[in-house]
Amino acid sequence: MAGRPLSITDDIKNTDAILYMFHPGTMGGNALVNLVAGKVTPSGKLPASFPKNAGQIPVYYNLNNTGRPASGNEILLNDIPAEAGQTSLGCTSYMLDTGFGPLYPFGYGLSYTTFDFSDFAINKTEFLGENDEIKITFSVKNTGNYEGAEVAQLYVCDLVGSITRPVKELKGFKKVYLQKGEQQNVEITVPLSNLKFYGLDDKEILEKGELEVWIATSSANEDIKWKTKIEVK
């Protein structure tokens, strides 16, 4: 139980599982018993990224893009052989000793069951003005052996802006409760006004251009279930 993300990399090496409770309140004990006993399936998602170590802080999912993003294939500190000669490892944006991402990303969470996503559709790919809406529909099925809940998350990335834009921003989500084997159709709607940001004149603007939109189960790229491009005209 804790009130913030902690550096627990060494702890997970010595445990089979971690149940992170944050501050659950006066009924937290009863909730903990039900979760550990399997009476209830965990369905929480992290509201912040967990660092691999204190030196990685600040670490957050919606960081600004850089001019030299890492590819993920760069050499890490432990991969450099002893007594290696002087060399250039490049100038991409990553930490040599901790790699390319957090220990646990924003929006991450495990369950006692599994879920399958399918039948994705978007209402259109060209949008006009802040009164327009993005509507994405899809199907979620509980494919495991226990009832549970999954949190579908809608992220966007503004590919080009008058100021630097984050690599991803959470703009919508929906928690879906499903019995074993149950399937449900889901819709997430995002008004285009939610895509506004403060420009160079400190006024909110909705800029024209291309954006990437995707559905995922966390902010990690490997948890993306579906992605497409849209255009604001």
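Values below: all heavy atoms of this structure, side chains included; hydrogens, waters and symmetry mates excluded.
Partners of Pro105 according to the side-chain contact (heavy atoms from CB on, under 4.5 Å) rule, which considers only residues two or more places apart in sequence or in another chain, are Pro102, Tyr108, Ser218, Ser219, Ala220. In terms of the salt bridge (Lys or Arg N to Asp or Glu O under 4.0 Å) criterion, Asp202 has no residue partners (sequence neighbours excluded). For Phe197, there are no ring-ring contact (aromatic ring centres under 6.0 Å, His included) partners two or more places apart in sequence or in a different chain. A search for side-chain contact (heavy atoms from CB on, under 4.5 Å) contacts involving Glu187 returns Lys135, Thr137, Thr189, not counting sequence neighbours. Judged as a side chain to side chain donor-acceptor pair (under 3.5 Å), and not counting sequence neighbours, Ser7 has no contacts. Partners of Lys175 by side-chain contact (heavy atoms from CB on, under 4.5 Å), not counting sequence neighbours, listed by chain and number: Ser43, Ala149, Val151, Tyr177. Every residue two or more places apart in sequence or in another chain was checked for a ring-ring contact (aromatic ring centres under 6.0 Å, His included) with Phe127, and none qualifies. For Ala84, the side-chain contact (heavy atoms from CB on, under 4.5 Å) test picks out Ile80, Pro81, with sequence neighbours left out.
For the side-chain hydrogen bond (donor to acceptor under 3.5 Å, both in side chains) condition, the pairs that include at least one residue of residues 115-134, sequence neighbours left out, are Lys124-Asp132, Glu130-Lys196. Counting only residues at least two apart or on different chains, the side-chain hydrogen bond (donor to acceptor under 3.5 Å, both in side chains) pairs with a member in residues 145-160 are Lys45-Glu150, Gln153-Tyr155.
Thr114 and Thr143 share a side-chain donor-acceptor pair at under 3.5 Å.
In terms of hydrophobic clustering, with Ile, Leu, Val, Met, Phe, Trp and Tyr side chains grouped at heavy-atom distances under 4.5 Å, Val190 and Ile205 are assigned to different clusters. A continuous path of Ile, Leu, Val, Met, Phe, Trp and Tyr side chains, each step under 4.5 Å between heavy atoms, connects Leu77 with Tyr94, placing both in one hydrophobic cluster. A continuous path of ILVMFWY side-chain contacts below 4.5 Å connects Leu103 to Ile18, so both sit in one hydrophobic cluster. Placement of Leu6 and Met1 in two distinct hydrophobic clusters is found when ILVMFWY residues are connected by side-chain heavy-atom separations under 4.5 Å, directly or transitively.
Side-chain contact between Tyr61 and Leu170: present, with at least one pair of heavy atoms (C-beta onward) separated by less than 4.5 Å. Residues Glu74 and Phe100 have side chains in contact (heavy-atom distance under 4.5 Å, counting atoms from C-beta outward). In this structure the side chain of Leu195 reaches within 4.5 angstrom of the side chain of Leu211, judged on heavy atoms.
For Asn221 (side chain) and Ile224 (main-chain N/O), no donor-acceptor pair under 3.5 Å exists by modelled atom type. The backbone N or O of Asn194 sits less than 3.5 Å from a side-chain atom of Lys171, completing a donor-acceptor pair. Using modelled atom types, one side-chain atom of Ser93 and one backbone atom of Arg68 make a donor-acceptor pair closer than 3.5 Å. The closest donor-acceptor contact from the side chain of Glu182 to the backbone of Leu178 lies at 3.5 Å or more, if one exists at all. Side-chain atoms of Glu169 never come within 3.5 Å of backbone atoms of Pro166 as a donor-acceptor pair (strictly under, hydrogens ignored).
Annotation for Lys141: atom NZ does not count as buried by contact number, only 12 or fewer foreign heavy atoms lying within 6.0 Å. Within a 6.0 Å radius of CZ in Phe173, other residues, nucleotides and ligands contribute 12 heavy atoms or fewer. By the 6.0 Å contact criterion, CG on Asp11 is enclosed, its count of non-hydrogen atoms from other residues, nucleotides or ligands being greater than 12. A 6.0 Å sphere centred on NZ of Lys227 holds more than 12 heavy atoms belonging to other residues, nucleotides or ligands. Under a cut-off of 6.0 angstrom, the local environment of CE in Met27 is sparse, with at most 12 non-hydrogen atoms contributed by other residues, nucleotides or ligands.
Taking all atoms of both residues into account, the shortest heavy-atom contact from Ile215 to Ala152 is CG2-CB, 4.5 Å. When every heavy atom of Thr41 is checked against every heavy atom of Ser111, the shortest pair comes out as CG2-OG, 3.1 Å. Between Leu35 and Tyr112 the shortest heavy-atom distance is O-OH, 2.7 Å.
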So Val156 and Trp214, side chain to side chain contact (heavy atoms under 4.5 Å, CB included) or not? Walk me through it. CA-CA 7 Å; Val156 304; Trp214 63 93; 5.8 Å; no

Test Tyr104 against Leu110 for side chain to side chain contact (heavy atoms under 4.5 Å, CB included), laying out the working first. CA-CA 11 Å; Tyr104 297 123; Leu110 296 179; over 6 Å; no

Could you walk me through whether Val140 and Gln184 pass side chain to side chain contact (heavy atoms under 4.5 Å, CB included), step by step? CA-CA 5 Å; Val140 182; Gln184 188 177 132; 5.6 Å; no

Taking it one step at a time, do Leu96 and Leu76 satisfy side chain to side chain contact (heavy atoms under 4.5 Å, CB included)? CA-CA 5 Å; Leu96 185 63; Leu76 298 179; 5.5 Å; no

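Clustering of Ile, Leu, Val, Met, Phe, Trp and Tyr by side-chain heavy atoms under 4.5 Å joins Met95 with none of the others. In the hydrophobic clustering (ILVMFWY side chains linked at under 4.5 Å, chained through shared members), Val167 is joined by Tyr60, Leu63.
Here the straight-line distance linking atom CD1 of Ile134 with atom CD1 of Ile188 works out to 11.5 Å at 0.5 Å rounding. For the atom pair CD1 of Ile122 and CD1 of Ile136, the computed distance is 4.5 Å after rounding to the nearest 0.5 Å. In this structure, Ile8 CD1 and Lys52 NZ are separated by 13.5 Å, a value rounded to the nearest 0.5 Å. Between atom OG of residue Ser49 and atom CD of residue Gln56 there is a gap of 9.0 Å, rounded to the nearest 0.5 Å. A distance of 5.5 Å separates CG in Leu192 from CG in Leu206, rounded to the nearest 0.5 Å. Here the OG1-NZ distance, from Thr217 to Lys225, works out to 4.5 Å after rounding to the nearest 0.5 Å.
Relative ring orientation between Phe22 and Phe50 is described as perpendicular, the plane-to-plane angle rising above 60° on a 0-90° scale split at 30° and 60°.
Ion pairing between Lys233 and Glu231 holds under the 4.0 Å rule for side-chain N and carboxylate O.
Among Trp226, Phe120, Phe115, the one residue that satisfies the ring-ring contact (aromatic ring centres under 6.0 Å, His included) test with Phe138 is Phe120.
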